[in-house]
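Data first, discussion second: the structure below is written as structure tokens.
Naming convention: chains lettered A, B, ... in sequence-line order (proteins, then strands); numbering from 1 in each chain.
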Amino acid sequence: MRNYLFILLSILFIFISGCDSSGVKISNAWVREVPEGISTSALYLTIKNNNSENDSLLSVETGIAGSAEIHQTSVNENGISYMKKLDELDIPSSETVSLEPGGTHIMLIGINRKIKDGDEIKAVLRFRNAGNKEVTAVVRGFKKSE
Amino acid sequence: MKTNYKIVIGVVALIVILWVALGYKLIDLKKKEKFYGFHVGKQITDHTLTSQDGRKLSFSDLRGDIILVNFGYTSCPDVCPTTLAKLRMIYEQLGSKKDRVDVLFITIDPERDTKEKLAKFVPYFDKDFIGLTGSTDEIKKVADDFNVNYFKEAVKSDTDYLMSHTSSVFLVNAGGEILLKYPQQMLDPEKVAGDIEMLL
């Protein structure tokens, strides 16, 4: 009987752990591979805000670039692509914000080492409410990027 | 009687000419409708630029081939690599037919994009892609011919800035005419390859 209870509690614990939906979750983080000698790239990821209050991404730091800026690519009615630097990125409550090619991305400026397909890069994202979140981004060659 | 005969011949000739012209125009329109890309229909001037390996290259050197032209810059982190990756996918779609297609990446940032920098960036996407640079004046003339706009933005210093630019891909046919234009967001590799196959 005690064994059954233990198994039941264990299952319940695993279920509750799996259902933990609090906080800001970051997934699918990847960095675009660039050829050696090219010092700019982009970090893409998905942010899900499970909290009941809105949040904002304020800044990003990585170990591979001199600086990282939140940028948004847009195309105007004349077909001109332009990038706008954002001071912060809104992550509304209960919503998912995707940073993808051709849209919002983290521009990595001054990449100081060679990055190649499969490399793992640590990044720290600073949120107004959720604080610092560390994420590991995988470098993708261009064949896997599109 | 003779005058009437001449008038009849004249009228018949006129009808034949109009019929042929109208038929040709209809065929032409049908062709345009078949393409996925937007029709441009402008003959380009024969510009000469410097390739990534230091060679002087003119558009006329590539006459007879289909040319896909994209304008961008090597410090571009998002749109330009995405476009070049899609151009590579178009190349893959074409199989052996790609030998009759040239892909040109023309920098709109000649101040920073030296041929050495282009040599690192452009062949990364495909060894046969050609990166082109030139003087600011040369680049301006080519861009104007393609109706491509570009300007510096977020300038922090002489070497630290972003470029806004037309990101479309242009298809130049074997006769040197800018035939089609693909805005970056409608760059579907399969459909673009389909247009190219219709022209080869």
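In the model, Q184(B) has no side-chain atom that pairs as donor or acceptor with a side-chain atom of S167(B) under 3.5 Å. Checking D195(B) against Y182(B) by side-chain atom types alone, a donor-acceptor pair falls below 3.5 Å. Between the side chains of R112(B) and Y161(B), at least one donor-acceptor pair of N or O atoms lies under 3.5 Å.
For F151(B), the part lying under 4.5 angstrom from a heavy atom of chain A is the side chain only. Heavy-atom distances place the backbone of S41(A), and not its side chain, under 4.5 Å from chain B. Heavy atoms closer than 4.5 Å to chain A are found in the side chain of Q185(B), but not in its backbone.
Residues R32(A) and V139(A) share a closest heavy-atom pair of C-CG1, 4.5 Å.
The residues K98(B) and E197(B) are annotated as not salt-bridged, no charged nitrogen and carboxylate oxygen being separated by less than 4.0 angstrom.
Chosen from R88(B), K117(B), E153(B), the residue pairing most often with chain A at heavy-atom distances under 4.5 Å is R88(B). Top candidate by heavy-atom pairs under 4.5 Å with chain A, chosen from P183(B), P123(B), S75(B), is S75(B).
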